[in-house]
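Here the structure is a predicted model, which means the values were calculated and not measured. Reminder, nothing fancy here: chain letters follow the sequence lines and each chain counts from 1.
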Number of protein chains: 2
Amino acid sequence: MLRISKFTDYGTVILALMADNPASTHSAASIAQQVGLPGSTVSKLLKMMNRSGLLTSCRGKQGGYSLAKAPQEISLADVVEALEGPFGVTECSRQNGLCQLEERCAIRHQWQGVNGVIHNALQQVSLAALQQPSTVTGAPDFKANA
Amino acid sequence: MLRISKFTDYGTVILALMADNPASTHSAASIAQQVGLPGSTVSKLLKMMNRSGLLTSCRGKQGGYSLAKAPQEISLADVVEALEGPFGVTECSRQNGLCQLEERCAIRHQWQGVNGVIHNALQQVSLAALQQPSTVTGAPDFKANA
DNA sequence: TAATACAGTACCAGTATAGTCCTATATTGA
DNA sequence: TCAATATAGGACTATACTGGTACTGTATTA
Ligand code: FES
Ligand code: FES
């Protein structure tokens with residue numbers, strides 16, 4: 001399926017929650033409780049997003065996580081890449097040498113174009129946009145002639 | 001990963017090949033040979049796409065598959081849906097009752113918007129467009145304000 | 001120094017993916 | 001009629017990924 005993993009989905013939910021109070025720090029436990037997911041899962045996600053640079057962390061009492069950047073500057077593309085690695089709609093559009101058809105494939109370049117378009121789409125949706133109701137609409141504008 | 005399956009990728013390669021000769025019928029064996037994939041795999045894909053209505057088939061000698069519609073009228077979205085089922089970027093954006101967060105999730109609606117945008121993007125790329133070099137470009141035009 | 005909270009990683013079960021194989025059925029042509 | 005061709009429809013396998021859990025270690029602070 002052309003689908004993001006549940007983890008990434010959860011990640012966006014968590015980040016959206018944190019974006020409500022961008023200044024304060026949030027502990028894994030409190031986030032888990034608010035969002036209704038098992039603590040261990042939330043903890044794992046926070047660790048991953050921290051390692052990818054989306055969050056900053058502090059240990060000890062009063063510790064927790066907070067957003068590394070302003071909500072306007074974190075996009076869905078950032079979250080996807082943080083939790084799922086390099087962006088690629090097809091195996092082939094992400095990196096060379098992964099697809100056995102690469103040599104004789106006539107449409108590889110086209111998929112890379114599609115990949116760019118979708119990546120771009122996700123880049124234009126920030127955490128801040130997620131908080132506002134129904135801001136994400138509109139059809140993409142292609143130069144594809146057909 | 002936000003990625004289509006290899007099968008779907010292969011499917012587009014096969015359809016693009018068939019779109020070169022939209023009129024004639026192509027046997028599974030000849031397609032496999034041209035595209036460089038194992039015959040059994042190609043056969044499976046053709047059967048799936050036939051059942052989804054993308055292709056028409058004819059058995060017996062001189063039999064084979066051909067496109068059910070003109071190359072201009074078959075989009076990447078069609079192929080994805082034929083081979084991967086209903087379109088949904090997130091578990092939740094596709095159907096109700098699949099995600100445990102549904103009730104308290106603040107951003108479900110936003111993901112559905114993103115889903116629509118991506119679906120739309122794939123709908124705008126047809127088999128005919130795949131054949132031409134570098135026709136797929138351009139950034140999507142969002143109303144998302146951030 | 002004890003409690004808190006993150007860091008890292010290993011682990012497991014369930015599921016999806018990619019690929020193969022086998023039997024049945026329809027069509028054609030000799 | 002018969003044999004060859006070619007699709008129809010599954011069942012089946014091995015592998016990889018996903019979602020979720022558990023455990024050990026380290027930093028901070030009251
Ligand atoms: S390069 Fe992989 S299918 Fe085209
Ligand atoms: S409804 Fe599933 S994460 Fe929002």
Rounding to an integer number of Å, can you tell me how far [X] [atom1] sits from [N] [atom2]?
| X | N | atom1 | atom2 | result |
| --- | --- | --- | --- | --- |
| A:Ile14 | C:dC6 | CD1 | P | 12 Å |
| B:Lys47 | D:dA11 | NZ | C1' | 11 Å |
| A:Leu37 | D:dG20 | CG | C1' | 11 Å |
| A:Leu45 | D:dG19 | CG | C1' | 10 Å |

Can B:Thr56 and B:Ser66 be counted as having a side-chain donor-acceptor contact under 3.5 angstrom?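 A pair is found: one side chain offers a donor N or O, the other an acceptor, under 3.5 Å apart.
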
Hey, are B:Ser5 and B:Glu84 close enough side-chain-wise for a donor-acceptor pair under 3.5 Å? yes

Protein and nucleotides 15-18 of chain C: nitrogen or oxygen contacts under 3.5 angstrom:
| from | atom 1 | to | atom 2 | distance (Å) |
| --- | --- | --- | --- | --- |
| C:dT17 | OP1 | A:Met1 | N | 3.1 |
| C:dA18 | OP1 | B:Lys6 | N | 2.8 |

Could you tell me if the side chain of [Y] sits less than 4.5 Å from the side chain of [X], heavy atoms only?
| X | Y | value |
| --- | --- | --- |
| B:Leu122 | B:Asp78 | no |
| B:His26 | B:Tyr65 | no |
| A:Leu127 | A:Gln72 | no |

So which of residues 48-68 of chain A are in contact with DNA chain C, with a heavy-atom cut-off of under 4.0 Å? A:Asn50, A:Arg51, A:Ser57, A:Cys58, A:Arg59, A:Gly60, A:Lys61, A:Gly64, A:Tyr65

CG of A:Leu55 to CE of A:Met18: how many Å apart, nearest 0.5 Å?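 That separation rounds to 5.0 Å.
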
Distance in Å, A:His109 NE2 paired with B:Leu130 CG, rounded so as to fall on 0.5 Å steps: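 A:His109 NE2 to B:Leu130 CG: 12.5 Å, rounded to 0.5 Å.
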
Applying a 4.0 Å non-hydrogen cut-off, can you work out what A:Ala29 is touching in the nucleic acid: base, sugar-phosphate, or nothing? nothing

Partner of B:Leu2 under side chain to side chain contact (heavy atoms under 4.5 Å, CB included), chosen from A:Asn115, A:Leu2, A:Thr8: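 Only match with B:Leu2 under side chain to side chain contact (heavy atoms under 4.5 Å, CB included): A:Leu2.
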
